[in-house]
Number of protein chains: 2
Amino acid sequence: MARKPPTNPRKNASQARSRATVDALVEATARILVREGFEKTSTNRIAEIAGVSVGSLYQYFPGKEALVAAVIDRHNHEIMQVVRAALTEVADLPIDKAVRRLVTVAIEAHRIDPKLHRVLAEQTPRTGQLADVEAFNREVHTLVRAYFESRRKEMRKIDIDIATFICVSAIEAIAHNTVLNQAEMLSDKMVRTLVDETTRMVVGYLR
Amino acid sequence: MARKPPTNPRKNASQARSRATVDALVEATARILVREGFEKTSTNRIAEIAGVSVGSLYQYFPGKEALVAAVIDRHNHEIMQVVRAALTEVADLPIDKAVRRLVTVAIEAHRIDPKLHRVLAEQTPRTGQLADVEAFNREVHTLVRAYFESRRKEMRKIDIDIATFICVSAIEAIAHNTVLNQAEMLSDKMVRTLVDETTRMVVGYLR
DNA sequence: ATATAATGCGAGCATTCGCTCGCTTTTTCC
DNA sequence: GGAAAAAGCGAGCGAATGCTCGCATTATAT
């Protein structure tokens, strides 16, 4: 017999049942985004697919944007986890080995869920998540920068910030275009060649 | 006393007045996209800002998407013109000079109208203009590839398609990030340094 | 077992927005 | 000058969709 909207706009989810509801909603949002596109992604439809009522949806999310934002966030966290792991793992390797690994990981990260990645890349601006994406970007830069710093001896005299900016931009773009443009027509051999070449370019640049 | 909707869905614009109307509509669309964002860009609002009635709008454009598509098209043509000019101009230069020029142009192209560029980059997918953008991309690749081919002697043994893909991706991304991330806080000195470094990376990679 | 809080429901209200249609005004052409 | 064609007008229809509200069900606490 309650009713008294959670103090804050909407949020939280303490009991197990409600956490499941939230998960179902986020998952449903992701699925609809991929399968039907952003236009067809209405709150009513999300609720329907999640097997939840619209009312419940609005208990946890202030609106459609928030749902998309949640999906973006989840996906970004998945990617960042992979990237962080790689950068840790690579800390003691020399530049050439390290860069090769990072390039590989960049491509792998984009491959986690290419279709979702594509849709999210399109929708990120709209949801005001640009700031958060920016944050992730900064973290990547910081991590890479730190690695470069620790390997200065192997590198030529160079402005580390600029080198980081250039290398990260280049690697990200190549990974992005590789996965998104070349469709699914990506032979393993092709990937290996691209990794080789990208590594060559970056390593050659750094020293 | 006519009336008999132009045979085709809508289109053409023969008289001077109507061409002006079309221009006003496209221009208004661009302005609203930049100043108010995609959500606020309704056909009613576009007509209002263009100083034209909604009815007239629908005489020339089958819908909102078509308007946005027209803006995208216009912008892409502007950019491609700059790029084509640069590649012609560069045809007889050695690799290092040529790459430097191309990197510079890439940044300049992104600087034509950064705010519009940003919004359009976000909205391109939605308008089904991906195909057209793809076409422009392919043209860039073709042109760059042709240049590389003609300069093979200055380059190491290398797969030209892969080299093109990697170089174009890297240069574009660096230009893009430079203009969009670093906000308007872009000293000329900074730009020069970035051009130097990017050129160094690409040229170093090619030979 | 009973009270209270948490979670869930879904019909329908309100709003936004694309778009049409019947009509007027301007231009062209003889 | 006048007829026909081209261009322009804008109130308002209809569909889509975000979201609310009053009530029902399930969990927790005592």
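Note on ring orientation: taking the six-membered ring where Trp is involved, the planes of A:H110 and A:H117 are perpendicular (angle over 60°, cut-offs 30° and 60°).
A distance-only check finds no donor-acceptor pair linking the side chain of A:K40 to the backbone of A:R45 [under 3.5 Å]. Distance alone, capped at 3.5 Å, places no donor-acceptor pair between the B:S169 side chain and the B:I166 backbone.
For the pair A:Q59 CD and D:dT25 P, the interatomic distance rounds to 17 Å; values are reported in whole Å. B:Y58 places its OH atom 19 Å from the P atom of D:dA7, with the value rounded to the nearest Å. Following rounding to the nearest Å, A:Y60 (OH) and C:dG8 (P) show an atom-to-atom distance of 4 Å. Computed from coordinates, the B:E36 CD to C:dC17 P distance equals 11 Å when rounded to whole Å. Nucleotide D:dG10 holds its P atom 17 Å from the CD1 atom of B:I46, rounded to whole Å. Between B:F61 atom CZ and D:dA7 atom C1' there is a gap of 14 Å when expressed in whole angstrom units. Atom P of nucleotide C:dT15 and atom CZ of B:R45 are separated by 20 Å, given to the nearest angstrom. Distance, B:R19 CZ to D:dA6 C1': 13 Å, rounded to whole Å.
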Could you tabulate the donor-acceptor pairs under 3.5 Å formed by side-chain atoms of residues 73-81 of chain B, not counting sequence neighbours?
from	atom 1	to	atom 2	distance (Å)
B:R74	NH1	B:E27	OE1	3.3
B:R74	NH2	B:E27	OE1	3.1
B:H77	ND1	B:D73	O	3.0

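OP1 or OP2 of C:dC19 has not a single side-chain nitrogen or oxygen of B:T43 nearer than 4.0 Å.
Note on A:R200 versus A:E197: no salt bridge recorded, every NZ/NE/NH1/NH2 to OD/OE distance being 4.0 Å or above. In this structure, A:E108 does not pair ionically with A:R111, as no charged nitrogen and carboxylate oxygen lie closer than 4.0 Å.
Side chain of B:R17, nearest nucleotide from D:dT26, C:dG18, D:dA7: D:dA7.
A 6.0 Å sphere centred on CZ of A:R84 holds more than 12 heavy atoms belonging to other residues, nucleotides or ligands.
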Distances for protein N or O near nucleotides 10-14 of chain C N or O, under 3.5 Å:
from	atom 1	to	atom 2	distance (Å)
C:dG10	N7	A:S53	OG	3.2
C:dG10	N7	A:G55	N	3.3
C:dG10	O6	A:G55	N	3.3

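Using a 4.0 Å heavy-atom cutoff across all strands shown, A:E65 reaches no nucleic acid atom at all.
Summary of helix geometry: the two end axes of the helix from C:dA1-D:dT30 to C:dC30-D:dG1, each defined by five base pairs via their C1' atoms, are inclined to each other by 20° (rounded to 10°).
Counting heavy atoms from C-beta outward, B:V68 and B:F38 have side chains that approach closer than 4.5 Å. The shortest side-chain heavy-atom distance between B:V144 and B:C167 does not fall under the 4.5 Å cut-off.
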